[in-house]
Amino acid sequence: MRTDIIKVGVIGTGAIGGLHAKNLMRRTRGATVAAVMDIDQARANAVAAACDGARVCRDAGELIADPEVDAVLIASTDATHAEFTIACIKAGKPVLCEKPLATTVTDAERIVNAELAAGRRLVQVGFMREYDHAHRDLYSLLHRGEIGAALKFRSVHINPRFIRELSIESVITNSLIHDIHSARWIMGEEISSAYTQWARVDPTRPENARLADIQVQFASGALGSLEYNGDSGYGYEVTVEVTGELGRLTTADHPSPALRRAGTVSRTISPNWPERFAQAYINEVQDWINHVARGDATGPSAWDGYMSLVVAEAAIRSAATGMPQSTNAGERPSMYQ
């Protein structure tokens, strides 16, 4: 077990990378940011300065190879995730890779195979809802048997407004990928099929998705519904509900005081994801660092990243064909049991 400070290199210093860097420096025990890299030099310099003068590397390869970097956090663009994660595995360095693990099932499978060849888990994927108290509480009650066998999973993922319009493919691989993982994790089983329906921002521009719903079926026969709203106009919410043989579980609302005034009752809704999941991001990085220090790995694995993309690709095929699509994946390797 290591007892010294874990020196982390951060690749990608945009919104999520900057948040992770701040959490590592100010809110994580046993860690510091030693180096950063971003294609935007000014942004990298600003984050480095906020991290007590962390080194700014010219490229990701330099950062990963740096002997002063013990572990790597990848928050760069999605298309770079597979290449950088495999480089970390080859360097023998633990890596926390933001979701999605890759942009294709083929690249995610390459990561799984690289990790299997290394003989130990080095990869954690940034599905931070596993570290959110509302989700963990529901998970614990379900797996304690409070409602018997689960019969249906339902999640609702609501965004306040469009930052940019997204294709249905981007909605599935970049937003609903979280809900796909939550469904697999909470239900404790794989998804066997997916059927996607979606509403467009503008019927004359069919490439843009405003609302999507993926109907899934689990290996046990249980059902699921994963709903996404890209432009609610009122705030950010993520909720999960599980119906079982003996009852129903629903995640607690994001805590905020109830205001009773002038004949009304109102509660504040989170403005966006950084506020809603602020503590989950802190918990996620702290848990990762704790396990890096112990020389092992926990949390969402490369297999979870791979399987989420297997389901996502089935959902994308369904969106294109209008028909349910089966998911096809090999047997889970023993390293990920």
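A quick note: this is a predicted structure, and the numbers were derived from the prediction, not measured. In what follows, every heavy atom counts, from backbone to side chain, and hydrogens, waters and symmetry copies are set aside.
A donor atom on one side chain and an acceptor atom on the other are not found under 3.5 Å apart for Asp78 and Thr173. A side-chain N or O of Ser301 and one of Asp304 form a donor-acceptor pair less than 3.5 Å apart. Side chain to side chain, Ser192 and Gln217 fail the donor-acceptor criterion of an N or O pair below 3.5 Å.
Contact between Ile64 and Ala91 at its shortest, heavy atoms only, is CG2-CB, 4.0 Å.
Residues in residues 17-42 take part in these ring-ring contact (aromatic ring centres under 6.0 Å, His included) pairs, two or more places apart or across chains: His20-Tyr281. Sorted by first and then second residue, the salt bridge (charged side-chain N to carboxylate O under 4.0 Å, His left out) pairs with a member in residues 215-224 form an empty list; sequence neighbours excluded.
Between Glu130 and His135 the shortest side-chain heavy-atom distance does not fall below 4.5 Å.
Between Trp185 and Phe127, the distance separating the two ring centers is not shorter than 6.0 angstrom.
Among residues two or more places apart in sequence or in another chain, the side chain to side chain donor-acceptor pair (under 3.5 Å) test is passed with Asp40 by none.
For Thr321 (side chain) and Met323 (main-chain N/O), a donor-acceptor pair under 3.5 Å exists by modelled atom type. No donor-acceptor distance shorter than 3.5 angstrom exists from the side chain of Lys99 to the backbone of Ile177, with no hydrogens or angles considered.
Under the side chain to side chain contact (heavy atoms under 4.5 Å, CB included) rule, Tyr228 has a single partner from Val156, Leu166, Ile168, which is Leu166.
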